[in-house]
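Throughout, a chain's letter reflects where its sequence line sits, starting with A, and its residues are numbered from 1. FYI, side chains are in, hydrogens and waters are out, and symmetry mates aren't considered; it's all heavy atoms of this structure. Just so you know, these numbers come straight off a predicted model, no measurement behind them.
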Amino acid sequence: MDKVDFNAPHSMGTTIIGVTYNGGVVLGADSRTSTGVYVANRASDKITQLTDNVYVCRSGSAADSQVVSDYVRYFLHQHTIQLGQPATVKVAANLVRLLAYNNKNNLQTGLIVGGWDKYEGGQIYGVPLGGTIVQQPFAIGGSGSSYLYGFFDQAWKDGMTKDEAEDLVKKAVSLAIARDGASGGVVRTVIINSEGVTRNFYPGDQLPIWHDELEAHNSLLDILGAPEPMNI
Amino acid sequence: MDTVTESQRTLYPYVTGSSVVAIKYKDGILMAADMGGSYGSTLRYKSVERLKPIGKHSLLGASGEISDFQEIMRYLDELILIDNMWDDGNSLGPKEVHNYLTRVMYNRRNKFNPLWNSLVLGGVKKGQKYLGTVSMIGVNYEDNHVATGLGNHLARPILRDEWNENLTFEEGVKLLEKCMRVLLYRDRSAVNKIQISKITEEGATVYPPFSLKTYWEFSAFKNPTVGAEGSW
């Protein structure tokens, strides 16, 4: 019988996505927080604000990702006051990296930093376990992302519009939720561009139906119509 | 000295089904289970039938390892076949089938090679309703309502509150749907494709699969972090 490899990295519960488009970024996430098999929160908000123009998608340990976000928000606030203008996305992402890298033995969180600034426009930075930083046109993370590599290889293209990008993110999170037990609930998206920030909320009935799934009903009784008569 | 290889035994399950919930009602037994076959945290198979009629008088619902459930079905098919071959006008009722399953599960447990399932066995014979359960270690009991897995923690409290012995078919279905909806919200391995089956003196019916509507429109779900200091 094969032995369990305790040194392999844990895959994290959650599906998180960040995508750039011509004008800004779209961040997306599911809303499931689980403790073992129990869903502790079915409507969590995993897309957290760092500044007016920079947000972060959190995956992995809920506690670790929350405390990293809080520290980064605190430092960025001070930085913004000193600088006299909004912080850039790169600075925010680097702060996340510093915390993730210098505490790598004690943290278990994968993050996707996304935002818009006037110098570089929309940017996405992935900060996986270990504290690597990598700028990408799009990033996916969390356990649900395993199911999306093939999808993005095929569906991603450069120069999308805002609506195309948001549709892609919605579709992708919904596909991941369909197959990953650790992802579920609603799809949340955050769109960041020069005009500001827009938050959206998509429950299951507003998402497409995938293979082997069925249209939802209030009850079996609605489908059956009249109850079967008893035979004597 | 030649080394002797340890005889094969089940150490952990691979493809698993989640909770089964069942209740007695006015005319017999109602049973519900989703159609998911999970492979670890992946929701791999979404059309697995986990409720099966046994002979003329019983219904079996299984959670746990699907291959072991299929093996149990083979054992039961043989049991029913031999019972029919006697051609003596008698047929095995739910109480007898439950007892057979209990012996099988317990004896396997004693050999440290369990069938990795939790089973629900319900039926009606000569007007007597019967509902029982057996676990992978042979723990067995009967009750007016039973469940396996997380169903014990999430569904049984609802049933303790709302079950009564004069439930009509419609009331019973609605009650089971309420339980299955809670499991859909709070069990990571639940899949939104449900089968309900009933057994009465007339015989067994397994209804076609359907999906349940879920509710996400609480204002706290739409804006969970409004007014929050930080990430939560």
Side-chain angles (χ1 to χ4, degrees), chain A residues 1 11 13 31-32 34 36-46 48-49 56 58 62 65-70 73-74 143 146-147 177-186 188 199 201-205 209 211-224 227-228 230-232, chain B residues 6 8-9 11-12 18 27 32 35-36 38 40-47 149-150 153-154 168-170 173-174 176-177 184-194 196 200-203 205 207-218 220-225 228-232:
Chain A
M1 276 275 157
S11 242
S31 70
R32 179 170 282 187
S34 22
V37 276
Y38 179 65
V39 177
N41 188 351
R42 64 179 171 109
S44 348
D45 185 2
K46 302 181 186 180
T48 297
Q49 184 178 29
V56 62
R58 302 181 291 110
S65 63
Q66 281 171 3
V67 80
V68 167
S69 306
D70 286 349
R73 188 182 309 109
Y74 170 67
S143 58
S146 305
Y147 306 95
I177 287 175
R179 289 294 185 176
D180 179 26
S183 301
V186 304
R188 294 194 197 275
R199 262 195 178 283
F201 167 91
Y202 301 103
D205 53 294
I209 302 268
H211 171 63
D212 229 3
E213 294 183 341
L214 298 172
E215 291 285 352
H217 295 272
N218 283 317
S219 168
L220 173 68
L221 301 171
D222 298 340
I223 310 169
L224 290 180
E228 296 169 18
M230 295 272 283
N231 298 317
I232 312 263
Chain B
E6 194 186 308
Q8 294 272 22
R9 56 194 178 95
L11 288 175
Y12 32 75
S18 73
D27 306 323
M35 300 190 77
S38 298
S41 66
T42 304
L43 307 171
R44 188 154 179 190
Y45 304 106
K46 297 196 188 177
S47 294
L150 228 56
H153 301 277
L154 298 172
T168 63
F169 173 75
E170 287 76 21
V173 167
K174 288 233 176 74
L176 280 180
E177 285 170 349
L184 204 50
Y185 288 143
R186 298 293 176 176
D187 182 357
R188 254 172 66 144
S189 33
V191 139
N192 194 0
K193 201 196 260 184
I194 291 161
I196 290 189
T200 62
E201 193 71 56
E202 275 78 60
T205 313
Y207 290 100
F210 68 103
S211 274
L212 277 174
K213 278 198 181 146
T214 50
Y215 187 73
W216 303 92
E217 304 298 317
F218 297 107
F221 282 9
K222 297 195 179 174
N223 287 305
T225 48
E229 270 299 311
S231 317
W232 70 91

Legend entry - A40(A) portion near chain B, given a 4.5 angstrom heavy-atom threshold: backbone

Inset, instruction - State, to 0.1 Å, how close R42(A) and Y215(B) come at their nearest heavy-atom pair, and which atoms those are. - result: NH1-O, 2.9 Å

Legend entry - Heavy-atom pair with the smallest gap, counting every atom of W216(B) and G185(A): CH2-CA, 3.3 Å

Inset, instruction - Decide if atom OH of Y185(B) counts as having more than 12 heavy atoms of other residues, nucleotides or ligands within a radius under 6.0 Å. - result: yes

Legend entry - Shortest non-hydrogen contact from A43(A) toward P224(B): O-CG, 3.9 Å

Inset, instruction - Compare every heavy atom of E177(B) with every heavy atom of N218(A), then report the nearest pair and how far apart it is. - result: O-OE1, 3.9 Å

Legend entry - chain B contact via L220(A) - side chain, backbone, both or neither, heavy atoms under 4.5 Å: both

Legend entry - chain A contact via L212(B) - which portion, at a heavy-atom distance below 4.5 Å: both

Legend entry - side chain to side chain contact (heavy atoms under 4.5 Å, CB included) between V186(A) and F221(B), worked out: CA-CA 9 Å; V186(A) 304; F221(B) 282 9; 5.9 Å; no

Legend entry - Part of L154(B) lying under 4.5 Å from any heavy atom of chain A: side chain

Legend entry - Steps toward salt bridge (Lys or Arg N to Asp or Glu O under 4.0 Å) verdict (K193(B), D212(A)): CA-CA 9 Å; K193(B) 201 196 260 184; D212(A) 229 3; 2.9 Å; yes

Inset, instruction - Can you tell which part of S41(B) gets under 4.5 Å to a heavy atom of chain A, answering side chain, backbone, both or neither? - result: both

Inset, instruction - Would you mind checking which part of Y147(A) comes under 4.5 Å of any heavy atom in chain B, side chain (CB onward), backbone (N, CA, C, O), both or neither? - result: side chain

Legend entry - Minimum heavy-atom distance E213(A)-K46(B), with the two atoms named: OE2-NZ, 3.5 Å

Inset, instruction - Check each atom of E201(B) against the heavy atoms of chain A and say whether the ones under 4.5 Å are side chain, backbone, both or neither. - result: neither

Inset, instruction - Could you look at I177(A) and say if it's the side chain, the backbone, both or neither that has a heavy atom under 4.5 Å from chain B? - result: backbone

Inset, instruction - Using modelled atom types only, decide if a donor and an acceptor are shared between the side chain of R186(B) and the backbone of Y38(A) within a distance under 3.5 Å. - result: no

Inset, instruction - Check whether more than 12 heavy atoms from other residues, nucleotides or ligands sit under 6.0 Å from atom CD of E217(B), and answer yes or no. - result: yes

Inset, instruction - Examine whether an atom of F201(A) lies under 4.5 Å from a heavy atom of chain B, and if so say whether it belongs to the side chain, the backbone or both; otherwise answer neither. - result: side chain

Inset, instruction - Kindly indicate, with the supporting measurements, whether the criterion side chain to side chain contact (heavy atoms under 4.5 Å, CB included) is fulfilled by F169(B) and L221(A). - result: CA-CA 10 Å; F169(B) 173 75; L221(A) 301 171; 3.9 Å; yes

Legend entry - Pick from L150(B), T214(B), T42(B) with the largest number of heavy-atom pairs that fall under 4.5 Å of chain A: T42(B)

Legend entry - Heavy-atom pair of closest approach, residues R32(A) and L184(B): NH2-O, 4.0 Å

Inset, instruction - Output the option from I223(A), V56(A), V37(A) having the highest count of non-hydrogen pairs under 4.5 Å with chain B. - result: V37(A)

